[in-house]
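All residue numbers refer to positions in the sequence shown, counting from 1.
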Amino acid sequence: MGDHGCSGNLPPGFVFSPTDEELVLHFLHRKASLLPCNPDIIPDLGLYPHDPWQLEGKALSSGNQWYYFSQVMENQVTENGFWKSLDTEEPIFSSAGKKVGLKKYLVYCIGAEGVETSWMMQEYHLCNSKLSSTSYKRKKILDCHQWILCRVYEREGSCIQNVGNTTDDDDGTELSCLDEMFLSMDDDLDDISFPN
C-alpha cells in the first residue's frame, strides 16, 4: 500500500475531501466486501492502536483530518487514553435517498479519569439495508459489519492543549481556559468605572 502519510500514492496537489456518502459507498463498502479500491489509499490500522496525535504518517491525512479502516470493538483504549462514544448517530443516505450507513461520534479522553480533549472521531458503519437475500452475500455482509472507517480530527477553538505536541514556542507556561478568560476580561475591566 505504500506510505499513507500526506498523499499516499496520489499526485501533488491532491486533496482528499469525500462526502459521507462517498466514504461509505466507495471506500467502506468496497473494503468490507473485499472488493478492490483504486487507488488503495486508506490504510487498515487495526483495533485503535494509536493515540490520535500518532496518526500522522500512519493514516491517510488530508488537511487536519486523518482517515483509516479499523475493526469494530467494544474497548477502544489506546496507550494514553480512550475513545468515548457521544451517543450521537446520524444516518447516511445515498443520492437516491436510500439509507446506506451510519455515522457515530466519539471524543478522545486522556487517562483513566477520562479528561476530554479536543480530538474527535467520526465512525462510519454500513447499514443492514444492504443485506441480500442469498446466504453467500448475507454472510459476506455480516462479516463486513466488523469494519468501520474512521475520520479523526482536532476541533478548533478548544481550550484543551494538544497533548502530543512536544514543540512549544513559548516559555513552557500553559494557561487554563479560566486563566485565558480572566485575562481577556482584564482589558474590559479597565474601561469600567466602579462607584466609590
Do you know the tightest heavy-atom contact between Leu45 and Ala59?
CD1-CB, 4.1 Å
Got Tyr67 and Tyr124 here, is their nearest side-chain heavy-atom distance under 4.5 Å?
no
Which word best sums up how the rings of Trp119 and Trp66 line up, parallel for under 30°, tilted for 30 to 60°, or perpendicular for over 60°?
tilted
Can you measure from NZ (Lys84) to CG (Leu86) and round to the nearest 0.5 angstrom?
6.5 Å
Which atom pair, heavy atoms only, marks the closest approach of Pro91 to Lys99?
CB-CE, 3.8 Å
Looking at side-chain heavy atoms only, is the closest gap between Glu56 and Ser61 below 4.5 Å?
yes
Say you draw a straight line from CD1 of Ile110 to OG1 of Thr78; how long is it, rounded to the nearest 0.5 Å?
9.0 Å
Validation row: Lys58, Tyr68 side chains within 4.5 angstrom (heavy atoms):
no
For Glu90, which residues count as a side chain to side chain donor-acceptor pair (under 3.5 Å) partner, sequence neighbours excluded?
Tyr105
How many angstroms lie between atom NE2 of His29 and atom SG of Cys127, to the nearest 0.5 angstrom?
11.5 Å
Restricting to non-hydrogen atoms, name the atom on Glu22 and the atom on Pro18 that form the minimum distance, rounded to 0.1 Å.
OE1-CA, 3.2 Å
Closest non-hydrogen atom pair between Ile42 and Leu60, with its separation:
CG1-CD2, 4.0 Å
Closest heavy-atom pair, Val15 versus Ser62, reported as atoms and distance to 0.1 Å, is CG1-OG, 3.9 Å
Do Val72 and His125 come close enough that some side-chain heavy atom pair is under 4.5 Å?
yes
Quick one, Gln54 and Glu79 - any side-chain contact, counting heavy atoms below 4.5 Å?
yes
Report yes or no: does Asp51 contribute a side-chain atom to a donor-acceptor pair with the main-chain N or O of Asn80 at less than 3.5 Å?
yes
Answer whether the closest heavy-atom distance between the side chains of Asp40 and Arg30 falls below 4.5 Å.
no
Sorted by chain and residue number, the ring pair (Phe, Tyr, Trp, His ring centres under 6.0 Å) partners of Phe82 (sequence neighbours excluded) come out as none
So CZ of Phe69 and SG of Cys37: to nearest 0.5 Å the spacing works out to 6.5 Å
Candidate pair Val152 and Trp83, rule side-chain contact (heavy atoms from CB on, under 4.5 Å), full reasoning
CA-CA 11 Å; Val152 175; Trp83 289 101; 4.0 Å; yes
Of all residues at least two apart in sequence or in a different chain, which pass the salt bridge (charged side-chain N to carboxylate O under 4.0 Å, His left out) check with Glu89?
Lys104
Angle between ring planes, Phe16 versus Phe27, binned at 30° and 60°: parallel, tilted or perpendicular?
perpendicular
Does any non-hydrogen side-chain atom of Lys103 lie less than 4.5 Å from one of Val24?
no
If I take atom CD from residue Gln122 and atom CG from residue Asp20, how far apart are they, to the nearest 0.5 angstrom?
6.5 Å
Look at the side chain of Arg151 and the backbone N and O of Met120, then say whether any donor-acceptor pair between them is shorter than 3.5 Å.
no
Partner of Leu126 under side-chain contact (heavy atoms from CB on, under 4.5 Å), picked from Leu28, Val100, Leu149, Leu25, is Leu28
Could you check whether any side-chain heavy atom of Trp147 comes within less than 4.5 Å of a side-chain heavy atom of Gln71, counting everything from C-beta outward?
yes
Taking all atoms of both residues into account, what is the closest heavy-atom pair of Glu154 and Ser118, and its distance?
OE2-OG, 2.9 Å
